[in-house]
Amino acid sequence: MNLSEFRIAHSTVMEHYQFIEMHLEGIYAALSGRGFYEGLMDVERYSISKIIMMIQKQEKTHNQRVISDSEYEDIKSIYQRRNFWTHNCYTDMAFDRKTGGPKKEINISN
């Protein structure tokens, strides 16, 4: 896989993580009792871990579980992997100061 192919694959993975995060924001908004739009505005700038805590608080407030303990464990695993791929992916890559691109094409092996 060359660098361009890797970037496409990485972007696709990140898109899937964003899709999950968007649905968690929707769950919070639906539980918030403030109206869906206002609920979305409450969480638009928060991290996924903060949104999860806010959902759990709303579940306790309304005494209504919408996400099971095992689903919370799965979500935790998902956001940990998302954080890894977001923050650790390009750390060893050398960038050209003039162009902002990589200094050389790097082949990434499996």
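Sequence positions, counted from 1, serve as the residue numbers for this chain. Atom set for the values below is all heavy atoms of this structure, side chains included, hydrogens, waters and symmetry mates excluded.
- From Arg82, atom CZ reaches atom OG of Ser47 across 8.0 Å, with rounding to the nearest 0.5 Å.
- Contact of the Met53 side chain with the Lys57 side chain is not registered, since no non-hydrogen atoms from C-beta on lie closer than 4.5 Å.
- Judged by distance alone, with hydrogens and angles left aside, the side-chain atoms of Glu71 form a donor-acceptor pair with the main-chain N or O of Ser68 at under 3.5 Å.
- In this structure, Tyr79 and Glu21 have side chains that are not in contact, with every pair of non-hydrogen atoms separated by 4.5 Å or more.
- When only modelled atom types and interatomic distance are considered, Gln80 and Ser77 share no side-chain donor-acceptor pair under 3.5 Å.
- In this structure the side chain of Phe19 never reaches within 4.5 angstrom of the side chain of Glu15, judged on heavy atoms.
- Phe36 and Val43 fall into different hydrophobic clusters, defined by Ile, Leu, Val, Met, Phe, Trp and Tyr side-chain heavy atoms under 4.5 Å apart, directly or through other members.
- Met54 CE to Thr61 OG1: the interatomic distance, rounded to the nearest 0.5 Å, is 11.0 Å.
- Taken to the nearest 0.5 Å, the CZ atom of Arg45 stands 15.0 Å off from the NZ atom of Lys50.
- The CD1 atom of Ile75 sits 8.5 Å away from atom CD1 of Ile20, with the distance rounded to the nearest 0.5 Å.
- Taking OH from Tyr37 and CG from Asp42, the interatomic distance works out to 11.0 Å, rounded to the nearest 0.5 Å.
- Contact detail for Leu31 and Gln64: the closest heavy-atom pair is CD2-OE1, 4.4 Å.
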Test side-chain contact (heavy atoms from CB on, under 4.5 Å) on Gln56 and Ile52; report intermediate values, then the result.
CA-CA 6 Å; Gln56 290 172 322; Ile52 292 166; 4.2 Å; yes
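- With contacts defined as side-chain heavy-atom distances shorter than 4.5 Å, the pair Tyr46/Glu25 does not qualify.
- Looking at heavy atoms from C-beta onward, Leu24 lies in side-chain contact with Ile67 at the 4.5 angstrom threshold.
- For the pair Met41 and Arg34, the minimum side-chain heavy-atom distance is 4.5 Å or more.
- There is no path of hydrophobic side-chain contacts, each under 4.5 Å, that joins Ile8 to Trp85.
- Few gaps surround CZ on Phe84; more than 12 heavy atoms of other groups in view lie less than 6.0 Å from it.
- Tyr28 and Gln58 get closest at one heavy-atom pair: CE1-CG, 3.6 Å.
- Linking ILVMFWY residues whenever their side-chain heavy atoms come closer than 4.5 Å, directly or via other members, places Met14 and Ile51 in the same cluster.
- Contact annotation: the side chain of Glu59 approaches that of Ile55 to within less than 4.5 Å [non-hydrogen atoms, C-beta and beyond].
- Here the closest heavy-atom approach between residue Gly39 and residue Ala29 is recorded as C-CB, 3.8 Å.
- Arg81 has its side chain within reach of Ile78: a pair of non-hydrogen atoms, C-beta onward, lies under 4.5 Å apart.
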